[in-house]
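Here is the structure we will look at.
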Number of protein chains: 2
Amino acid sequence: MKQVAALAGVGIKTVSRVINGEPNVSAATIARVTDAARALDYQPDLHAGNLRRADGRSRTLGLLVGSVSNPFSGAVHRAVEEAAIERGVAVFASSLDDDPSREEQSVSAFLRRRVDGLILTTISPSQGYLAAEIRRGTPVVFVDREPSGVTADTVVSDNAAGAALAVRHMLAHGHRRIAYLGDRGDIQTARERRRGFLEELGRAGVATSSVPVIENLHDEAVTFDALLGLLSSEDPPTAVFSAQNLVTIGAIRALRARDLHHSVALVGFDDVPLADLLEPGVTVVAQNPQRIGQLAAERVFARLDGDDTPGARHIVPTRLIVRGSGEINAIG
Amino acid sequence: MKQVAALAGVGIKTVSRVINGEPNVSAATIARVTDAARALDYQPDLHAGNLRRADGRSRTLGLLVGSVSNPFSGAVHRAVEEAAIERGVAVFASSLDDDPSREEQSVSAFLRRRVDGLILTTISPSQGYLAAEIRRGTPVVFVDREPSGVTADTVVSDNAAGAALAVRHMLAHGHRRIAYLGDRGDIQTARERRRGFLEELGRAGVATSSVPVIENLHDEAVTFDALLGLLSSEDPPTAVFSAQNLVTIGAIRALRARDLHHSVALVGFDDVPLADLLEPGVTVVAQNPQRIGQLAAERVFARLDGDDTPGARHIVPTRLIVRGSGEINAIG
DNA sequence: CTGAAAGCGCTAACAG
DNA sequence: CTGTTAGCGCTTTCAG
């Protein structure tokens, strides 16, 4: 900045004024400063400025998603970035990969870089470590999973309701023996989906004690093996509810391996790419990750703009997409 | 930091020493400072430190990918983050979305935040605007697409060779009339793939002037329409080479809509999720985005560690994955 | 082993 | 309309 001032033959403060578009600078001076800045390829140091700036804003957000390689996370990221870019805000994005140590590590990395707000997918048993930061006024919004130990804005799918919807759909097609294939039990979202699933079965009069429930499935391979085992058991299910993305794919593979994809029903939670091109098409309870990301960003910016209402839960509806695999009727 | 120093009853510099793990502090003092920091939930301001620090490193990278919602970009992002996290470096990730104005805008946002290095996917006709920054010593690595107007490390797939591989495969199955469905012509990578495609056809003695080449396909819908048109033409192709992710998906849909997916061959460039579960399975020339991201990160860190060899091109091989759609023989 | 003073690049407050 | 001075939170340098 000093170099620019020297080259333009003005004071350092005038350069600052031009860079920030402050009033009270003559057009000629503006032009000279602009030229000098361009000539030197000058980029203002945003962080140095924020050190002294009144609002102290870094125009930066920290985003922690489940896994950058999951389409759900990709969509959330995209929506957040979209909203951020409109406000000239940059986004730090990290992957949780369902590793509790990475959660705190990433948050700390964000905080050291003085982000203006945090959008977090979490896995730790408690987010109490964020209480002080939230009290200090940093907007924190939880996405996809509800926090524990702190109160803050939270944006989630209607996990239990969505799972119930899937169950009702399968019940309507005559199924009574529906298996639950779920993600890790330490993931809050997974527990919600299981709850919705079991409660709906209970309401339909199915003895939930006899329902095949397999959890801690976290990738295709593990799910594949687990479902194969279940299909070979004495009393195999006539329908399967797979409560996550990758679990659904693993389930598809297992059903195909046993050539049961046309006789055992399958409904997945969260949409799967190309699901409509498979045979049969994969019926899913689709989430709305765009909306989740968008809402999360909205909440952060509302807080930054002064909203100080208490943190609330925002629930984004899911919807059933019928494609074939969920409409296979129970036999007998 | 002042507060921590006060609470611990030491000087501000001692706090600094403890935070940075510098030697020459007594164990007792370390303990007191650590306790005070924890009590106050103190997070050092990384940027304030870098203002004065000798190396001036922000421990931050800027990453610009094609589109966060494309699995290819997701994989690159993941690989870069993986490598970065090992070194305690955070990653800013932005999406280009093939908008030239966003390219410079994002780079500028990164630079204002004083990232240590840049990993960029580009779309502008020239990256000359980066010349000064590169000269200044900021490591810049281009991924997926080669830059124009500057020399720097570049990590790309062997686009032309991969396209040629696809062509050879289809020629071996008796095809002579192979259509090319490609992405936007202003994308360097797309031009390379077309070149590889046409040159290989030429080598096989096919008159390239008669080859159906459709470009500027950038999403499923446009591709769908374009291929439908081509299939209805007087001399429809017996095989299709789709030179990009989403183009491949659009092509699959079009072939199915005409019920030609078992009679017209299809080979795609870049892998598609669940490609092996479709009927027929989708034969592709797969890229290795993990390797691309990893290599790019390696190059940035090597530069930061002092490597000052001239910028070079790093080519990541592709490989043909045979799944069915590419092995349909030409009729007649 | 520890602290005081100076300064990184910038903006706030005030003076001209 | 423009420049000067102080200070943001930290590290450096140098003195105890």
Side-chain angles (χ1 to χ4, degrees), chain A residues 1-34 36-37 40-60 108-116 133 136-138, chain B residues 1-34 36-37 40-60 108-116 133 136-138:
Chain A
M1 182 148 145
K2 276 202 298 211
Q3 295 178 34
V4 176
L7 205 151
V10 299
I12 182 174
K13 173 68 230 198
T14 302
V15 177
S16 169
R17 270 194 264 263
V18 173
I19 298 295
N20 296 309
E22 286 170 35
N24 296 332
V25 186
S26 74
T29 311
I30 292 181
R32 260 187 309 141
V33 171
T34 312
L40 293 171
D41 250 287
Y42 169 73
Q43 291 277 6
D45 185 326
L46 202 58
H47 298 299
N50 287 46
L51 223 42
R52 194 75 172 82
R53 201 190 304 274
D55 65 7
R57 297 275 168 85
S58 59
R59 308 196 72 72
T60 299
S108 177
F110 291 151
L111 258 21
R112 273 198 295 270
R113 286 174 178 79
R114 294 297 184 263
V115 296
D116 296 335
E133 193 63 31
R136 223 171 281 172
T138 305
Chain B
M1 182 149 145
K2 274 202 299 212
Q3 295 178 34
V4 175
L7 205 152
V10 298
I12 182 175
K13 172 67 230 196
T14 302
V15 177
S16 168
R17 270 194 263 263
V18 173
I19 298 293
N20 296 310
E22 286 170 35
N24 297 334
V25 186
S26 75
T29 311
I30 291 181
R32 259 186 312 138
V33 171
T34 312
L40 293 171
D41 251 288
Y42 169 72
Q43 292 275 8
D45 185 326
L46 203 58
H47 298 299
N50 287 29
L51 223 43
R52 195 76 173 81
R53 201 190 302 276
D55 65 5
R57 298 273 169 86
S58 59
R59 309 196 70 74
T60 298
S108 177
F110 291 150
L111 258 21
R112 274 198 294 269
R113 287 176 177 77
R114 295 297 185 260
V115 297
D116 297 334
E133 194 63 33
R136 224 171 279 172
T138 304

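Below, read A as the first sequence line, B as the second, and so on, with proteins coming before strands; counting in each chain starts at 1. Predicted, not measured: the structure shown is a model, and the values here were computed from it.
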Gap between atoms [atom1] and [atom2], on [X] and [N] respectively (whole Å):
| X | N | atom1 | atom2 | value |
| --- | --- | --- | --- | --- |
| A:Lys2 | D:dG3 | NZ | P | 16 Å |
| A:Arg52 | C:dA12 | CZ | P | 8 Å |
| A:Asp45 | D:dC10 | CG | C1' | 13 Å |
| B:Arg113 | C:dG9 | CZ | C1' | 16 Å |
| B:Leu40 | D:dG9 | CG | P | 14 Å |
| A:Asn20 | C:dA12 | CG | P | 8 Å |
| A:Ile12 | C:dC8 | CD1 | P | 10 Å |
| A:His47 | C:dT11 | NE2 | C1' | 16 Å |

Heavy-atom side-chain contact between A:Asp41 and B:Arg136 under 4.5 Å =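 SC-SC contact between A:Asp41 and B:Arg136 confirmed.
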
Kindly indicate whether the side chain of A:Asp45, heavy atoms from C-beta on, has any atom under 4.5 Å from the side chain of B:Arg114.
->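 Yes, their side chains come closer than 4.5 Å.
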
Is any side-chain N or O of [X] closer than 4.0 Å to OP1 or OP2 of [N]?
| X | N | answer |
| --- | --- | --- |
| B:Asn24 | C:dT2 | no |
| B:Thr29 | C:dT2 | yes |
| A:Thr14 | D:dT2 | no |
| A:Ser16 | C:dC10 | no |
| A:Ser26 | D:dT2 | yes |

Which of the following nucleotides, [options], is nearest to the side chain of [X]?
| X | options | answer |
| --- | --- | --- |
| A:Lys13 | D:dC10, D:dT4, C:dG9 | D:dT4 |
| A:Tyr42 | C:dG3, C:dC10, C:dA6 | C:dC10 |
| B:Leu51 | C:dT11, D:dC10, C:dG9 | C:dG9 |

For B:Arg114 and B:Val10, take the nucleotide of DNA chain C holding the closest heavy atom to each; which residue's nucleotide lies nearer the 5' end?
->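 The residue mapped nearer the 5' terminus is B:Val10.
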
First of A:Arg17 and A:Met1 reached from the 5' end of DNA chain C, by closest nucleotide =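 Nearer the 5' end of the strand: A:Met1.
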
May I ask you to check whether B:Arg113 and B:Thr60 show a side-chain donor-acceptor distance below 3.5 Å?
->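 Judged by distance alone, the side chains do not pair up.
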
Just wondering, more than 12 heavy atoms not from B:Glu22 lying within 6.0 Å of its CD?
->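 Correct, the count exceeds 12.
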
Looking only at heavy atoms, which two atoms of A:Thr29 and A:Ser26 are closest? And how far apart?
->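 Closest approach of A:Thr29 to A:Ser26, heavy atoms only: OG1-OG, 2.6 Å.
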
At under 4.0 Å between heavy atoms, what does A:Pro44 touch on the DNA or RNA strands: base, sugar-phosphate, or nothing?
->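 Answer is sugar-phosphate: A:Pro44 comes under 4.0 Å of backbone atoms only.
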
